[in-house]
Each structure stands twice: as C-alpha cells, then as structure tokens.
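Taking it in order: structure first as structure tokens, then the write-up.
Heads up: numbering here begins at 1 and tracks the sequence. Just so you know, ligand 1 is whichever comes first in the structure, and atom 1 is the first atom listed for that ligand. What you are looking at is a predicted structure, and each value in this text was computed from that prediction instead of being measured.
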Amino acid sequence: MTDCAVFQDRLPELFETSANLSEEEHLKHCENCTALVRDLEYIAQQAKLLLPIHDPSPTVWENIRSAIKSDVGQNSSSPSSARSAT
Ligand SMILES: [Zn+2]
C-alpha cells in the first residue's frame, strides 16, 4: 500500500470525526491528496446540503471512495500504461 492509499483509506474516518486535516502529516507533503481533500470537502458540503443527515450512510462513503479511486487512477497512471494493467 502506498502512503496515499493508506491516507485515503482513513479519509472517511477523518471526515466523520471532523479531524483537523490541516494537521495530517501526509497532507503536508502530498499535493495530490491535498487537492483530493479539498474536492472531498466540497463534495461533503454539497452532500450535507442535499442530504441533511448527521450520519452519512456507508453507501455515501462508498460512492465517495469510488470517486477517489477513479480520480487517483487518472492521476497516477500514464496514458500508455493504463490499458496494459491486468
Ligand atoms: Zn497522498
């Protein structure tokens, strides 16, 4: 697992506990995850507006996670190697 994967695995927990993400070590040196967190904060904000619930269902986080995965996949694979995976 890469640092980014480990960090992103913790993201739902961090969001749920309203952790101070600016104190996350990983974000201090990873622009990719910093941008990702910024996007997620925006998505979470929109989600709260759309769904006034205090306890997001696992489905919500699953959707966000798959959005993360597709986003990271686009950023980390070069166009030439994207098709040769698996
Ligand atoms: Zn990262």
Side-chain angles (χ1 to χ4, degrees):
M1 249 192 179
T2 65
D3 283 353
C4 289
V6 171
F7 175 74
Q8 285 163 23
D9 202 49
R10 290 174 53 218
L11 265 181
E13 186 187 336
L14 292 172
F15 270 84
E16 279 165 16
T17 57
S18 300
N20 190 348
L21 291 166
S22 62
E23 289 181 359
E24 281 297 309
E25 277 303 312
H26 185 74
L27 290 179
K28 292 178 182 173
H29 60 81
C30 183
E31 287 181 22
N32 197 28
C33 288
T34 302
L36 185 66
V37 165
R38 209 179 299 132
D39 285 351
L40 284 179
E41 283 175 339
Y42 177 79
I43 293 170
Q45 244 177 11
Q46 302 301 310
K48 276 180 195 164
L49 293 176
L50 294 171
L51 305 167
I53 51 176
H54 294 287
D55 193 16
S57 73
T59 312
V60 171
W61 282 118
E62 269 312 304
N63 290 340
I64 292 176
R65 279 183 179 221
S66 53
I68 293 172
K69 276 176 192 158
S70 60
D71 190 44
V72 169
Q74 280 169 12
N75 290 337
S76 61
S77 343
S78 68
S80 60
S81 68
R83 281 174 185 278
S84 60
T86 59

Query raised in the report: Quick one: salt bridge (Lys or Arg N to Asp or Glu O under 4.0 Å) partners of Asp9, sequence neighbours excluded?
Result: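 For Asp9 the salt bridge (Lys or Arg N to Asp or Glu O under 4.0 Å) partners, ignoring immediate neighbours, are Arg65.
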Query raised in the report: Arg38: what forms a salt bridge (Lys or Arg N to Asp or Glu O under 4.0 Å) with it, not counting sequence neighbours?
Result: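 Applying salt bridge (Lys or Arg N to Asp or Glu O under 4.0 Å) to Arg38 gives none.
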**Report entry** Cut-off under 2.8 Å, centre the Zn ion (ligand 1), protein N/O/S atoms
**Finding:** Cys4 SG, His26 NE2, Cys30 SG, Cys33 SG
Query raised in the report: Is any side-chain heavy atom of Cys33 closer than 4.5 Å to a side-chain heavy atom of Glu24?
Result: no
Query raised in the report: Would you say the side chain of Thr2 lies within less than 4.5 Å of the side chain of Phe7, judging by non-hydrogen atoms?
Result: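 Phe7 vs Thr2: side chains apart.
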Requested in this report: Applying side chain to side chain donor-acceptor pair (under 3.5 Å), name anything that partners Glu13, two or more places apart in sequence or on another chain.
Outcome: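 Per chain and number, Glu13 pairs via side chain to side chain donor-acceptor pair (under 3.5 Å) with no residue.
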Query raised in the report: Looking only at heavy atoms, which two atoms of Val37 and Leu27 are closest? And how far apart?
Result: CG2-CD2, 3.9 Å
